[in-house]
Amino acid sequence: MIACGTLSMASLGLLEIFYAIVALAIFCCFGNKKKRLPRNWPLVGMLPDSIRNLHRPYERIAEVIQLSGGSFIYKSLWFFSPNVLNTVDPANIHYIMSSNFSNFPKGSMFSRIFDILGDGIFNADSHLWKNQRKLAHVLINHQQFQRFLVKSSWNKVEKGLIPVLEHVAKQGSVVDLQDVFQRFTFDITSILVTGYDPGCLSIEFPQVEFSKAMDDAEEAIFYRHLWPEIFLKLQRWLGFGQEQKLKEAWQTLDHMVAEYISRKREKLSKKTTTIEDEDGVDLLTSYMSHPEIMGLKTDDKFLRDTIVNFFLAGRDTTSSALTWFFWLVSQNPQVESKIRQELKATMPAEERENWRLFSTQELSNLVYLHGALCETLRLYPPVPFQHKEPLKSDVLPSGHRVGPNMMVLFSVYVMGRMTSIWGPDCLEFKPERWISDSGKIKHEPSYKFLAFNAGPRTCLGRGVAFTQMKAVAAAIIHNYQVHVVEGHPVAPSSSIILHMKHGLKVSLSRKWIWNLNR
């Protein structure tokens, strides 16, 4: 008892010293507002600079990397946390993501930070990842799923999104467009992954437990990148802060996913859904129709992890991109005008002044809209950073030495703001950047444009994302005028997904009358 008491008092004394150093460092930081690299303090490393900039994390990372010329080593809390190499150097990224891919897995730190994803495709490494990716690739590209994707996306736009927009326009009210898009992508992701439509997108704007749990989990995971592990353990032990929020979110997700799996198993047992359905098939049905496939046992644990991973990929990334897209378009009316002209060029003359949606074939020919979406993803990538962990010591093309227990972080957000990568006009919103002299979509190397990852881990859902984004963008821009509320503050939120901190408050006016009976 005496020994334990002595240890506790000693630990308390160390914490008091630690907090004193942090407080002094933050005080000194606030006294100097010049843009400069973070100072490496005794014991606490560069943590005070992170705390000082908690309200603007991505802007601060951009400042630091630009000041350092493209790569910067962040010194973490002494003894407790690994150092982090922040880099946006395309040569480094190509080396890590492609040339020497085998030496740079996600690693144990990634799995620990993103433990809520279980053994799903985003967390998995080595053979487990390869097998999951092969299976997901086959299922996503199968004609049954592609047919289901097109049909479901069209239906959700026409019967879910448009009625909500019509209601807002008719009422002359203000709506958070980011919330609308999150509801849209939550519903469509649920349909594509589980076959179930939760009806989140409706004029009643119902509360959705699953969606809120995802938001809470993403915010908590973001803070895991900032706070030392010892602080996170303290939160878990005492049951407070972001770690408690993550625990509660985890429980909600597990409960909801278990319901999805149980409902699907019951439905399949009654043979009301089959793999040969003419209208296509959702992913959960495909997985459950094969208890073992490609070396994977599709038990409840596997299905749970797969569903959570797909929801993270489908719900948040597309809604984030659409939100930033419409804000950028609202700030650049000449871009909006060119998109409208391109949309009209795809239509018969007699339909150009009428309300309408666009077919998949029509959307595939929209080069300028595609460029505008790519330009949005360049400036505001939905996943603003990602990281790797080297298996063994290595030297990157930039000359930086990395080793095990060190994190290598790519700031995708900062990459779009580097003149060394995109030229002196990198901060401008220019869809023309993505169009070749012959009028075709211009390809940019993935290690330069990292919105869809690069190398063997290139995003499997790229085509799905563009199909949904184009369908929504074309429907809104042709049929409505979006007006962002004057003075509405716009800034990135503190999350692993680049949401808008305050949403996107807009009003809508109709260009044509919607035919309810079409």
Is it true that, when you exclude [X] itself, more than 12 heavy atoms of the residues, nucleotides or ligands shown sit nearer than 6.0 Å to its [atom1]?
X: Lys442; atom1: NZ; result: yes
X: Glu209; atom1: CD; result: no
X: Lys245; atom1: NZ; result: yes

Exercise for the section: Report yes if the side chains of Gln468 and Lys156 come closer than 4.5 Å at any heavy-atom pair, otherwise no. Expected result: no
Restricting to non-hydrogen atoms, name the atom on [X] and the atom on [Y] that form the minimum distance, rounded to 0.1 Å.
X: Thr467; Y: Leu363; result: O-CD1, 4.4 Å
X: Ile121; Y: Asn309; result: N-OD1, 3.5 Å
X: Pro390; Y: Gly403; result: CG-O, 3.1 Å

One thing to verify: whether [Y] and [X] come together as a salt bridge, which I'm taking to mean a side-chain N less than 4.0 angstrom from a carboxylate O.
X: Asp425; Y: Arg433; value: yes
X: Asp115; Y: Arg224; value: yes
X: Asp300; Y: Arg304; value: no

Geometric class of the [Y]/[X] ring pair [parallel <30°, tilted 30-60°, perpendicular >60°]:
X: Phe449; Y: Phe452; value: perpendicular
X: Phe311; Y: Phe210; value: tilted
X: Phe110; Y: Phe114; value: parallel
X: Tyr95; Y: Phe104; value: perpendicular

Would [X] pass as a cation-pi partner of [Y], given that its NZ or CZ must be under 6.0 Å from the six-membered ring centre and within 45 degrees of the axis?
X: Arg417; Y: Tyr380; answer: yes
X: Lys134; Y: Trp129; answer: no
X: Arg263; Y: Tyr196; answer: yes

Backbone N/O of [Y] and side chain of [X]: donor-acceptor pair under 3.5 Å:
X: Ser320; Y: Leu498; value: yes
X: Asn86; Y: Ile61; value: no
X: Arg183; Y: Cys200; value: yes
X: Ser126; Y: Leu128; value: no
X: Tyr74; Y: Met46; value: yes
X: Arg236; Y: Glu243; value: no
X: Thr185; Y: Arg315; value: yes
X: Asn123; Y: Asp119; value: no
X: Lys388; Y: Phe101; value: no
X: Lys264; Y: Thr194; value: yes

Problem - Gap separating the CG atom of Asp282 from the OG1 atom of Thr189, nearest 0.5 angstrom - result: 12.5 Å
Practice task
Rounded to the nearest 0.5 Å, what's the gap from NE2 on His499 to CH2 on Trp324? Could you check?
Solution key: 11.0 Å
